[in-house]
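Structure first, commentary second.
In what follows, chains carry the letters A, B, and so on, assigned in the order in which the sequence lines appear, proteins first and then strands, with residues in each chain numbered from 1.
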2 protein chains.
Amino acid sequence: MICPDDHLRPLVLERLMLYHRFLSERGGRKALATVTSGQMAEALDVDPTQVRKDLGSIGLRGRGRVGFNATEVVNTIRQVLGFDRTHLAVLVGVGHLGGALIAYRGFARYGLRIVAAFDSDASKTGQELAGCPIRNTRGMTAFVRRHQIHLAILSTPADVAQRVADRLVAAGVRAIWNFAPTRLAVPEGICVRDEHISLGLSQLAYRLSD
Amino acid sequence: MICPDDHLRPLVLERLMLYHRFLSERGGRKALATVTSGQMAEALDVDPTQVRKDLGSIGLRGRGRVGFNATEVVNTIRQVLGFDRTHLAVLVGVGHLGGALIAYRGFARYGLRIVAAFDSDASKTGQELAGCPIRNTRGMTAFVRRHQIHLAILSTPADVAQRVADRLVAAGVRAIWNFAPTRLAVPEGICVRDEHISLGLSQLAYRLSD
DNA sequence: TAGATTGTTAATCGATTAACAATC
DNA sequence: TAGATTGTTAATCGATTAACAATC
């Protein structure tokens, strides 16, 4: 068993992802065999103690005066976060943002595979986008059930997001990646991650208005 | 002067934005003249005390047994966050995501106006996207300087993001909305907001892998 | 008035950082 | 060995929540 702790906190998970990215995508730099918490900390603007704690929480041990085995760190994080598995997903709402998410090739390395997209606009359905078929929303529930999809990406307008989420959950979806600018009410046990892009503007506009 | 506190923390700013959205976009619901901290708290899954503290921190006072004046709350948040001003911005990197950001009409209500987009791909430059001209990156620095642009949206590939950011800062940009999956090094005083969409996957994949 | 709601102070909780002996 | 780096415990910091008198 890889994961000694029962439950890793969201902030820890995000930092693990940053460590993973830093170690696996070191463009230009030499791919070193070992890496110290200090090196990771400086590159990612995190406290070195934090790095050691995070790695320790998933069972990784470093060596004094040497540091951590870089490939071991990458592989363990991959396993703990579940990137070594394939996560089948559907996407609902093929607007500009939905299309961008479908076309983005970077998700594949995390095991995410969008197998179908759904939209209520008949002029879009029947086509393909980056190899992903766009279907009519009518068939969504049946598709999700038949293929046992557990993850849905929601990029619909805000006013229909809740209704779509309800149908997805009823069809067996257990996690929703929500790009619609609204809060979703879901049953206990369903995982929702909000990606409310506009929130970023609060900081930027505030800082620019000084 | 509207803002009594010198400095509002990022988490407070995000919640203020949620309150603002809730009160200004209440689709279906009656637009009530007053709203209580309890109503906002329940709708947004925040503690009622938190709501009162946040509103109090920007000078808003409620009335016992009544609550807060809804339009006063909306207007004050708009002013404090700077949504009543126009923020001119450039966008760099017109890929799928960049295009989606240009086309998204929801930013206008926060005062954001993308006046030009830049890309190094000659097949894209010269065109328009949703009324926004796409120009060659060569002219970026001059454009930013000439129009005194203070905000830049970065949606380039990760490997060129730092170079682009350096040029933008040199040209006078003071805030960067970074959608490139990489950390940017910027001088003191420059505000960077990272919108690393992939980070959301850490939570979703982890939860699906139980 | 009675009682729902506020504003504020105190307590709790969790996350971050500092200190330092143990390790290689 | 000497000293850089680790793992862990303690201290600090900030954010959230609870308690409650004041208000309308």
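Remark: A/Y104 pairs with A/F107, B/P181, B/S198 by the side-chain contact (heavy atoms from CB on, under 4.5 Å) rule, at least two apart or across chains. Residues passing the side-chain contact (heavy atoms from CB on, under 4.5 Å) test with B/D84 are B/R78, B/Q79, sequence neighbours excluded. For B/D47, the side-chain contact (heavy atoms from CB on, under 4.5 Å) partners at least two apart in sequence or on another chain are B/T49, B/Q50. Remark: A/A205 pairs with B/F83, B/H87 by the side-chain contact (heavy atoms from CB on, under 4.5 Å) rule, at least two apart or across chains.
One atom, CG of B/L11, and another, C1' of D/dT16, lie 11 Å apart when rounded to the nearest Å. Rounding to whole angstrom units, CD of residue B/E14 and C1' of D/dT16 are separated by 16 Å. For A/L13 and C/dA15, the CG to C1' distance is 15 Å, given to the nearest whole Å. The interatomic distance linking B/L55 (CG) with C/dT5 (P) rounds to 15 Å, in whole Å. Atom CD in A/E42 sits about 16 Å away from atom P in D/dA4, given to the nearest Å. Atom CZ of A/R9 and atom C1' of C/dC13 are 10 Å apart (whole Å). We find that CG of A/L60 is positioned 13 Å from C1' of D/dT6, with the value rounded to whole Å. Atom CG in B/D54 sits about 11 Å away from atom P in D/dA15, given to the nearest Å.
Ring geometry, A/Y110 versus A/H20: the interplanar angle falls from 30° to 60°, so the pair is classed tilted.
Between A/H96 and B/I102 the shortest side-chain heavy-atom distance does not fall below 4.5 Å.
Counting only Watson-Crick or G-U wobble pairs whose defining distances are both under 3.5 Å, the stems of 3 or more consecutive pairs in DNA chain C are C:3-24 with D:3-24.
For A/T36, the listed nucleotide lying nearest its side chain is D/dT6; candidates were D/dT6, D/dA15, C/dT8. When distances run from any side-chain atom of B/K53 to the nucleotides D/dT6, C/dT9, C/dT6, the shortest one goes to C/dT9. In this structure, of C/dT6, D/dG14, D/dT17, it is D/dT17 that holds the atom nearest to the side chain of B/Q50. If you check C/dT6, C/dT16, D/dG7 against the side chain of B/F68, the one that comes closest is C/dT6.
Phosphate contact (OP1/OP2 of C/dT5, side-chain N/O of B/S37, threshold under 4.0 Å): absent.
Once rounded to the nearest 0.5 Å, the distance linking CG of A/L168 with CD1 of A/I153 reads 11.0 Å.
No side-chain N or O of A/R167 forms a donor-acceptor pair with one of A/T137 less than 3.5 Å apart.
Residues B/V66 and B/T36 approach most closely at O-CG2, 3.6 Å, considering heavy atoms.
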Base versus backbone protein contacts along nucleotides 19-24 of chain D [heavy-atom cut-off under 4.0 Å; B, S, -]: ----BB

